[in-house]
Amino acid sequence: MTWETTTEHQNEKRKSSMLQPKIQPSDGLSFRTCTVFIFMVLQSVGEPSQLICSHQPIVALAGDDVILSCHFEPAINARSQTVIWTRTDLNPKYIHYHNPGGMVDLDQNPSYHYRTRLFVDELKNGTVSMKIFRVKLSDAGKYECSLPLMKMYVSIQLTVGAVSAPVIEFVSNQSREVVLQCEAKGWYPEPELFWLDGEGNLLSAGPTETVRGPDDLYTVSRRLTVRKSDNFTCRVQQKNINQTRETHFYVPG
Ligand SMILES: *[C@@H]1O[C@H](CO)[C@@H](O)[C@H](O)[C@H]1NC(C)=O
Ligand SMILES: *[C@@H]1O[C@H](CO)[C@@H](O)[C@H](O)[C@H]1NC(C)=O
Ligand SMILES: *[C@@H]1O[C@H](CO)[C@@H](O)[C@H](O)[C@H]1NC(C)=O
Ligand SMILES: *[C@@H]1O[C@H](CO)[C@@H](O)[C@H](O)[C@H]1NC(C)=O
């Protein structure tokens, strides 16, 4: 039971400066019980440990693994806690249910089967983060991390995007005018598409055509007419997921 030793040690370290003069192990009450008791009182009265989750939305790309990070500050041992991750917009709402006896599969939302993990070895130093493997677009949303025994509930937002490199095609070459088309498939959310010249200046181009597929992904395309030789760039970007992809096309003189 090494973790109990750790708790005791941490408690002593945290509170010793404040409490040392008052704690006198008395008859029939071990120093350890006393320390734990005082610690629990301080937990409820004094500056309590807070459950902190990332305030910024966590951004992941479809197919990535992602960690929704939550931890206690100051650190406490959460090994004896039930830790429940839910999404209240889903039914069943349970994404990961951890009790000290191990994970309970019952009622887990089927979309998350075999895709979640809690860092069990790090519960003892106050980490209750959840990892989601092979993120899907449908995983985007508001998650809640709760420790019901401590009456703690904190939410955290996951944003999921999808990207791919744009492809430039040569459309036509007539009377010194070359028409190029840039197309980017499989983006989410809807991205912006720009054409730039060799010096990075934005060029005026045709309208952006946007198509949304049955999988919710966007395909965007845009044509550019050029009259001189240059190294042209098609840039596709999505600010909400902070992603940019570029492809170059050299038009000779
Ligand atoms: C938390 O626990 C893990 C596993 O024992 C350990 O590797 C890690 O260093 C600890 N982290 C902190 C901040 O103490
Ligand atoms: C367009 O046509 C001209 C003349 O036929 C040729 O020299 C030039 O390489 C062509 N440009 C491209 C991009 O194919
Ligand atoms: C966006 O991505 C760039 C490059 O990957 C990175 O340097 C920058 O810190 C990111 N910005 C935000 C707000 O995440
Ligand atoms: C076009 O520009 C890109 C980026 O500056 C560069 O990597 C690429 O080699 C250039 N292509 C040509 C044909 O000059």
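Note that ligands are numbered from 1 as they come in the structure, with each ligand's atoms numbered from 1 the same way.
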SG proximity flag Cys53/Cys70, limit 2.5 angstrom:
yes

Examine distances only and state if a side-chain atom of Thr233 and a backbone atom of Leu196 form a donor-acceptor pair shorter than 3.5 Å.
no

Distance-only side-chain donor-acceptor flag, Gln237 / Arg235, under 3.5 Å
no

Students should be able to answer this: which protein heavy-atom is nearest to atom 5 (O) of ligand 4, and at what distance?
His248 CE1, 4.5 Å

If you measure every N or O of Tyr250 against every N or O of ligand 4, does any of those distances drop under 3.5 Å?
no

Students often mix this up, so state it plainly: with edges at 30° and 60°, are the rings of Phe249 and Phe170 parallel, tilted or perpendicular?
parallel

Report, in ascending order of atom number, the atoms of ligand 4 lying under 4.0 Å from any heavy atom of Asn231.
1 (C), 2 (O), 3 (C), 8 (C), 10 (C), 11 (N), 12 (C), 14 (O)

Do you see a protein non-hydrogen atom under 4.0 Å from atom 11 (N) of ligand 4?
yes

